[in-house]
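Take a look at the structure set out below.
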Amino acid sequence: MSLGNSFGLCFFHSLLKSQLQTKTLKSSLLIFRQLLQSNLKPSDITFSLLIKASASSSFASNSLKSKIEANQMHTHLFKSSIIQLVYVKTGLLNLYVNLGCIENARFLFEEMPDRDVVAWNALISGYSKNCYDIFAFNLFIEMVREGFRPEAATLVGLVPSCGRLELAFQGKSIHGFGVKAGLDKDSKVKNALTSMYAKCGDLEGAEILFEEMVEKTVVSWNTMIGAYGQNGLFDEAMVLFNKMRAQDLEANSVTLMSLLSANADPETLHCFAIKVGFVNNASVIASLVCVYAKCGDSESAELLHKSLSQENLVSLTAIVSSYAEKGNMDKVVPCFTRSQMLDMELDEVAMVSILHGVKNPANIAIGLAFHGYGIKTGLFIHCLVANGLISMYSRFNDIDAVFSLFSEMQEKPLISWNSIISSCVQAGRTGDAMELFCQMRMYGHVPDAITIATMLSGCSQLGYLQFGKKLHGFILRNNLEMEDFIGTALTDMYVKCGTIELAERIFKSIQEPCLATWNTMITGYGIGGFENKAFNHYTELQKRGLKPDKITFLGVLAACIHGGNVDKGRRYFQMMVEEFAISPGLQHCASMVALLSRCGYFGEALLFIRNMESEPDSAVWGALLNGCCIHQEVKLGEYLAKKLYLLDHRNGGLYVLMSNLYASKGMWDDVARVRQIMKDTGGDGCSGTSLIELTS
DNA sequence: GTAGGGTTAG
């Protein structure tokens with residue numbers, strides 16, 4: 001009988017070993033169940049193989065069901081006391097790590113009486129794989145303190161954490177540690193270090209390591225191709241790919257994926273994938289789906305996604321996100337339903353993508369439902385999801401919800417502070433934003449470019465020049481990149497605070513201003529009364545090869561209004577529509593109406609309004625009413641006031657304009673009447689304030 | 001060891 005048992009076991013063991021190559025959790029378990037049905041008693045080797053086969057199959061099976069199955073294995077092991085063996089326990093730990101059950105893994109580790117180096121390695125790399133980067137670090141320190149000698153595998157597990165956290169200094173220390181311990185000869189360590197340098201932005205460091213490698217494997221080439229891609233050097237990535245092929249090395253699926261993320265042409269690579277037979281590779285398809293989705297070609301993405309034999313969350317999230325970007329919830333919701341039908345467990349990234357699509361006020365109910373879903377599934381615990389909810393409520397101007405979500409967050413990373421500060425700024429509550437900014441600093445966070453850009457925009461709103469200058473000082477002291485976002489925000493702050501000379505100085509210091517920065521200057525000149533400078537900048541930006549957008553034209557039109565240049569305004573408007581194919585928005589139309597009516601062309605202004613494609617809003621009619629005030633057109637003004645009242649009776653500006661109009665004609669009874677209505681309706685409770693701080 | 005989905009901004 002015992003001979004039969006060992007023979008039978010050998011048979012099942014070899015079956016399990018073959019599963020290790022094919023990597024399917026289901027069939028491994030099936031084999032195990034058949035083994036039990038044959039009345040065979042599993043040995044430690046059986047369990048070890050079963051666990052290994054399951055652990056290596058975690059990609060598509062990261063579901064609740066797999067977690068339950070892992071728990072079942074755990075119970076079996078516990079009952080048979082095989083779990084006492086360190087290597088079996090480490091195997092199980094690894095399985096939990098691959099399923100993302102990091103708590104269970106930690107639990108197993110803690111109750112190991114005699115941990116060996118392999119167990120330490122398993123948990124360190126487990127933390128790292130699941131992005132518990134700080135935990136990985138601390139465990140490494142603990143390991144060294146307890147007198148264990150790290151191996152190559154330890155470093156391979158730990159180094160990616162340095163890359164993800166962009167901890168260049170710590171990464172270099174570990175590199176040094178590896179050199180001293182003689183572990184840096186290991187090719188896996190070298191690859192991991194190369195990738196770490198690239199992620200920390202030290203491309204030179206990555207290149208040196210790559211060049212040093214005597215035997216470059218496909219993984220080494222992939223790492224360096226990825227390194228170029230991540231640092232925006234797309235051509236270099238492509239050159240390296242060709243070099244690699246010239247050495248007769250076969251590209252694998254990761255090579256293709258690295259190239260895809262390096263902005264290579266998706267159609268070319270799609271053809272290449274078909275040619276070399278990667279079209280059945282779920283990861284390659286998922287990457288292609290992502291690229292198509294990113295280009296905004298959601299339909300191609302969805303078509304390709306459906307060709308997958310087993311749909312996966314990554315590729316579905318890419319599609320959701322491309323629809324969400326456009327706020328198209330009619331497409332997002334069916335994707336969600338589909339994921340539920342397929343029994344997919346959504347993760348925090350998928351959830352955040354969905355929330356991102358809830359923009360239209362008509363979709364508030366859907367947003368609330370997803371908030372509920374987040375609570376039920378426990379996903380809202382993730383600060384990513386909480387941030388997504390904060391941004392969503394902020395888009396709906398529900399600042400109370402924003403504050404309550406923020407206060408409930410257990411962990412508040414910088415990005416959450418940025419979210420709430422930007423919510424306040426957008427809601428016009430710059431005072432609150434400033435207070436939060438101070439609190440954030442007290443919590444020990446160092447503001448990043450986004451914090452500063454947001455705060456600057458708050459200063460622009462209120463004309464807080466002094467605070468804006470302090471932020472400028474912060475930018476200089478911390479060597480923050482002055483291009484794009486920060487440069488624009490700073491220029492805008494100086495413009496809005498009425499210090500155009502300072503804005504000019506910043507603008508000139510930016511080597512290659514982007515379109516948004518040019519727009520800020522043009523708008524600044526436009527509203528500040530320097531229309532010729534605005535027009536010159538418009539010409540100049542085109543000389544630099546930039547294409548004006550709708551904001552540029554708003555700026556130019558503002559300049560025309562200020563200078564009363566009707567002809568120029570008409571020409572710019574026509575140019576915008578005909579030459580640049582920009583369809584005029586309501587703001588453009590309001591600008592044209594303002595321009596025409598200010599110069600007394602009421603007939604043309606009315607004709608313009610009649611020919612508008614979209615329904616004129618209160619800004620358009622308001623612009624015309626403002627023209628009436630200037631030209632004392634009482635009759636037309638009264639007609640417009642009625643129209644405006646019907647459109648938006650709470651708009652205080654209407655009463656102010658009418659009052660001014662009557663006053664300009666000396667019609668004091670009417671002035672009194674309008675002022676009385678204002679008081680009665682309480683529509684304009686607060687008076688407007690203009691503020692400018694004097695420069696010192 | 002290498003790769004893939006997401007958030008904050010003018």
Side-chain angles (χ1 to χ4, degrees), chain A residues 59 125 152-153 155-157 159-160 163 186-196 198 217-227 229-230 252-262 281-291 293-294 301 305 312-322 324-325 346-356 382-392 394 413-423 425-426 448-457 460 484-493 495 514-517 519-520 523 551:
Chain A
F59 179 73
S125 88
L155 301 195
V156 166
V159 168
D186 186 288
S187 79
K188 287 182 183 175
V189 173
K190 272 212 162 91
N191 291 335
L193 284 168
T194 310
S195 167
M196 181 274 295
T217 63
V218 180
V219 176
S220 319
W221 287 92
N222 289 351
T223 308
M224 205 53 219
I225 291 172
Q230 284 153 20
N252 64 16
S253 58
V254 179
T255 322
L256 211 63
M257 287 153 76
S258 305
L259 283 168
L260 279 170
S261 60
N281 183 306
S283 305
V284 172
I285 298 294
S287 296
L288 274 166
V289 169
C290 296
V291 176
K294 237 180 222 154
H305 171 82
N312 63 66
L313 190 58
V314 171
S315 125
L316 192 69
T317 307
I319 292 165
V320 165
S321 138
S322 81
E325 176 86 4
L346 293 198
D347 66 0
E348 64 274 23
V349 178
M351 184 77 193
V352 149
S353 315
I354 294 174
L355 292 174
H356 188 56
H382 289 275
C383 59
L384 278 181
V385 177
N387 281 335
L389 285 166
I390 287 180
S391 316
M392 181 186 85
S394 158
L414 180 64
I415 185 170
S416 309
W417 289 95
N418 285 349
S419 297
I420 192 162
I421 289 174
S422 111
S423 303
V425 168
Q426 275 164 27
D448 67 355
I450 292 172
T451 328
I452 301 295
T454 313
M455 287 305 296
L456 281 169
S457 127
S460 306
D484 294 1
F485 278 117
I486 293 234
T488 311
L490 198 58
T491 314
D492 184 63
M493 186 274 295
V495 161
C514 66
L515 183 63
T517 321
N519 286 349
T520 305
T523 312
I551 312 280

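Quick note on labels: first sequence line is chain A, next is B, and so on, each numbered from 1.
Using a 4.0 Å heavy-atom criterion, one finds that A:L414 contacts no nucleic acid atom at all. Within 4.0 Å (heavy atoms only), A:S187 reaches at least one base atom of the nucleic acid. Within the 4.0 angstrom heavy-atom criterion, base atoms lie near A:T217. Heavy atoms of A:C383 sit nowhere under 4.0 angstrom from any nucleic acid atom. The residue A:T223 sits close only to the backbone: its heavy atoms come under 4.0 Å of sugar-phosphate atoms, none of a base. Contacts of A:V254 with the nucleic acid, taken as non-hydrogen atoms under 4.0 Å apart, include base atoms.
The nearest whole Å value for the distance from the CG atom in A:N519 to the C1' atom in B:dG10 is 10 Å. Computed from coordinates, the A:M224 CE to B:dA3 C1' distance equals 16 Å when rounded to whole Å. Rounded to whole angstrom, the span from the CG atom of A:N222 across to the P atom of B:dG4 amounts to 11 Å. Protein atom CD1 of A:I452 is 14 Å distant from nucleotide atom C1' of B:dT8, rounded to whole Å. Separating the CG atom of A:L256 from the P atom of B:dA3 is a distance of 14 Å, rounded to the nearest angstrom. Taking atom CG of A:L389 as the reference point, atom P of B:dT8 lies 13 Å away to the nearest angstrom. For A:L155 and B:dT2, the CG to P distance is 13 Å, given to the nearest whole Å. Remark: C1' of B:dG4 and CD1 of A:I319 are 13 Å apart, rounded to the nearest angstrom.
Between B:dA3, B:dG10, B:dT8, one nucleotide has an atom nearer to the side chain of A:A516 than all others, and that is B:dG10. Out of B:dG5, B:dT2, B:dG4, the shortest distance to the side chain of A:S195 is found at B:dT2. Among B:dT8, B:dG5, B:dG4, the nucleotide with an atom closest to any side-chain atom of A:L313 is B:dG5. Closest approach to the A:S283 side chain among B:dG1, B:dG4, B:dG5 is made by B:dG4 (side chain taken as heavy atoms from C-beta onward). You'll find that the side chain of A:N418 is closest to B:dT8, out of B:dA3, B:dG5, B:dT8. Of the candidates B:dT8, B:dA3, B:dG5, the closest approach to any side-chain atom of A:A350 belongs to B:dG5.
Interatomic distance, A:N387 CG to A:H382 NE2, rounded to the nearest 0.5 Å: 12.5 Å. Residue A:S258 holds its OG atom at 8.0 Å from CD of A:Q230, rounded to the nearest 0.5 Å. To the nearest 0.5 Å, the span separating OG on A:S457 from CD1 on A:I452 amounts to 12.5 Å. The CG atom of A:L155 sits 7.5 Å away from the CG atom of A:L193 when rounded to the nearest 0.5 Å. Here the straight-line distance linking atom CG of A:L389 with atom OG of A:S394 works out to 12.0 Å at 0.5 Å rounding.
Residue A:D347 places a side-chain atom within donor-acceptor reach of the base of B:dG5, judged by atom type and a 3.5 Å distance cut-off alone. Interface remark: the A:T488 side chain does form a donor-acceptor pair with the B:dG10 base, using a distance-only criterion of under 3.5 Å.
Remark: A:S261 is in phosphate contact with B:dG4, judged by side-chain N or O atoms under 4.0 Å from OP1 or OP2.
Closest approach of A:M196 to A:G163, counting heavy atoms only: CG-N, 3.8 Å.
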